[in-house]
J.: 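Just dropping this structure here.
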There are 2 protein chains.
Amino acid sequence: MDEDFLIAMGYSGLTGRLKRLSDSFIYTTKQYYRDHGLEIEPNWHMIFLLLKKHEKLTVMEMADALRLSHPAIVQLVNKMKKKGYVDSVRDKDDHRKFQLTLSRKALEKLPELELYWEAGNDALKEIMEQQTIILDQLEILEKNIGEADFRERSERNLKKYMP
Amino acid sequence: MDEDFLIAMGYSGLTGRLKRLSDSFIYTTKQYYRDHGLEIEPNWHMIFLLLKKHEKLTVMEMADALRLSHPAIVQLVNKMKKKGYVDSVRDKDDHRKFQLTLSRKALEKLPELELYWEAGNDALKEIMEQQTIILDQLEILEKNIGEADFRERSERNLKKYMP
DNA sequence: TACATTTGCGTAAGTGCTTACGTAAATGGT
DNA sequence: ACCATTTACGTAAGCACTTACGCAAATGTA
């Protein structure tokens with residue numbers, strides 16, 4: 001059994017492979033951070049970079065920018081707050097909102113963190129063999145899914161098989 | 001805020017995009033199955049197809065074929081057993097092992113399930129615009145990660161930045 | 001201005017993977 | 001034949017996302 005069955009499956013192996021690949025990045029990144037005593041989690045760098053660029057954002061603005069659900073952001077940000085990387089201030093005009101910013105601690109740590117992320121990017125480039133094809137290909141998938149997702153398309157195609 | 005920040009991030013957005021894409025497949029597939037009253041979960045089709053091909057396998061053999069950890073298989077298979085799709089028989093020669101097979105119920109349902117999977121594959125082909133580039137590109141990533149994973153490579157690259 | 005609707009955020013429960021650890025059965029060396 | 005090591009499987013805890021639901025604040029409408 002030395003063949004990778006998911007690869008052998010062709011099209012229908014794609015979704016499993018995406019999950020497997022994504023997880024492999026997440027878990028090795030976690031290990032990487034832990035080895036160096038960094039008290040951050042794998043996906044926090046999205047938030048760091050987002051807040052570095054936009055200064056302050058609300059939960060919904062972040063969810064919108066990252067195309068994630070708002071509870072995903074809430075969970076992420078809560079953990080970052082607990083570690084003291086994110087500050088949260090209630091909006092004066094709209095009391096439902098909280099303006100989120102990078103804390104002083106986050107700004108101080110940022111230059112160091114960026115070294116680790118830079119090394120990660122280099123690793124990524126190696127793995128991608130210095131090419132961006134996969135990024136472009138993913139963008140096509142994302143665009144097509146945006147127009148009609150996997151469920152909708154499956155539904156339509158199902159009619160061909162079940163009259 | 002109409003730009004997709006993960007895409008705008010370039011290389012460093014890749015891992016987040018893989019996660020997002022993978023999840024989108026998982027959740028829409030779950031919805032798809034639920035809409036049609038199928039009592040199966042998104043990733044069970046890997047097991048169905050694997051056992052269809054190999055008749056009977058142990059947990060470790062499956063983990064090996066799918067390149068997943070053995071607890072992943074145990075969890076999957078336990079749920080499938082609970083729904084009556086998988087039978088488990090203790091190996092006569094090696095009492096640590098269990099030989100897993102598709103149940104009678106699974107074999108009866110298989111032809112119907114395969115229609116739904118076929119429609120899903122067609123959807124996937126649409127999303128991929130009838131091309132296999134992305135599959136080939138993923139295989140390159142998988143191969144390179146197999147040789148040295150993201151953590152190892154990051155570690156090596158880190159030395160360039162931290163003398 | 002009163003009231004229904006929308007919006008922002010939060011919590012709960014579910015899914016699926018991982019790593020870490022534990023136990024029992026098989027294997028291997030002397 | 002014994003004991004240490006390896007292998008197979010299982011369980012527990014953790015992480016990251018989702019959908020579903022709830023509440024309070026803002027908005028829109030008559």
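Below, chains carry the letters A, B, ... as their sequence lines are ordered, and counting in each starts from 1.
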J.: Choose from D:dC9, D:dT18, D:dA26 the nucleotide whose nearest atom is closest to any side-chain atom of A:Arg96.
T.: D:dA26

J.: Does a nitrogen or oxygen in the side chain of B:Asn78 sit under 4.0 Å from OP1 or OP2 of D:dC9?
T.: no

J.: Looking only at side-chain atoms of B:Phe98, point me to the closest of D:dG10, D:dT6, D:dT18.
T.: D:dG10

J.: Nearest whole angstrom, please: distance from the C1' of D:dA16 to the CG of A:Leu18.
T.: 16 Å

J.: CG of B:Leu100 versus C1' of D:dA8: gap in Å, rounded?
T.: 12 Å

J.: Could you give the NZ-to-C1' distance, from B:Lys82 to C:dT15, as a whole number of Å?
T.: 13 Å

J.: Less than 4.0 Å between a side-chain N and a carboxylate O, is that true for B:Glu114 and B:Lys52?
T.: yes

J.: Indicate whether the side chain of A:Asn144 and that of B:Glu126 have a donor and an acceptor atom separated by less than 3.5 Å.
T.: no

J.: Within less than 4.0 Å of OP1 or OP2 of C:dG8, is there a side-chain N or O belonging to A:Thr58?
T.: no

J.: What integer distance in Å separates B:Arg20:CZ from D:dC15:P?
T.: 23 Å

J.: Name the residue closer to the 5' end of DNA chain D, choosing between A:Pro71 and A:Arg90 according to the nucleotide with the nearest heavy atom.
T.: A:Pro71

J.: When the distance from CG of A:Asp91 to P of C:dC9 is rounded to whole Å, what number comes out?
T.: 9 Å

J.: Please determine whether a side-chain nitrogen of the Lys or Arg among B:Lys53 and A:Glu3 lies less than 4.0 Å from a carboxylate oxygen of the Asp or Glu.
T.: yes

J.: Among D:dC17, C:dG16, D:dC9, which nucleotide sits nearest the side chain of B:Asp23?
T.: D:dC17

J.: Check every atom of D:dA26, D:dG10, C:dT15 against the side chain of B:Lys30 and return the nucleotide holding the closest atom.
T.: C:dT15

J.: Is any side-chain nitrogen or oxygen of B:Ser69 closer than 4.0 Å to OP1 or OP2 of C:dT18?
T.: yes

J.: Over all strands shown, is B:Ile73 touching base, sugar-phosphate only, or nothing at heavy-atom distances under 4.0 angstrom?
T.: nothing

J.: So, taking the atom named CG in A:Leu113 and the one named CD in A:Glu118, what distance separates them when rounded to the nearest 0.5 Å?
T.: 13.0 Å

J.: Of the options C:dC9, D:dT18, C:dT19, whose atoms approach the side-chain atoms of A:Gln75 most closely?
T.: D:dT18

J.: Checking only heavy atoms, does the side chain of B:Tyr27 share a donor-acceptor pair with the base of C:dG16 at less than 3.5 Å?
T.: no

J.: So what does A:Ile26 touch, heavy atoms closer than 4.0 Å: a base, only the sugar-phosphate, or nothing?
T.: nothing

J.: Taking NE2 from B:His70 and C1' from D:dC9, how many angstroms apart are they, rounded to a whole number?
T.: 6 Å

J.: Taking for each residue the nucleotide of DNA chain C with the nearest heavy atom, is it B:Lys19 or A:Arg34 whose nucleotide lies nearer the 5' end?
T.: B:Lys19

J.: B:Tyr85 ring centre to B:Lys105 NZ or CZ under 6.0 Å, with the angle to the axis within 45°?
T.: yes

J.: Could you give the NZ-to-P distance, from B:Lys97 to D:dG10, as a whole number of Å?
T.: 13 Å

J.: On DNA chain D, does the nearest nucleotide to A:Pro42 precede the nearest nucleotide to A:Asp93 from the 5' side, or the other way round? Give the residue.
T.: A:Pro42

J.: Considering only side-chain heavy atoms of B:Val59, which listed nucleotide, D:dC9, D:dT18, C:dA25, is closest?
T.: D:dC9

J.: Rounding to an integer number of Å, can you tell me how far B:Glu61 CD sits from D:dT7 C1'?
T.: 13 Å

J.: Closer than 4.0 angstrom, basic N to acidic O: yes or no for B:Arg17 and A:Glu142?
T.: yes

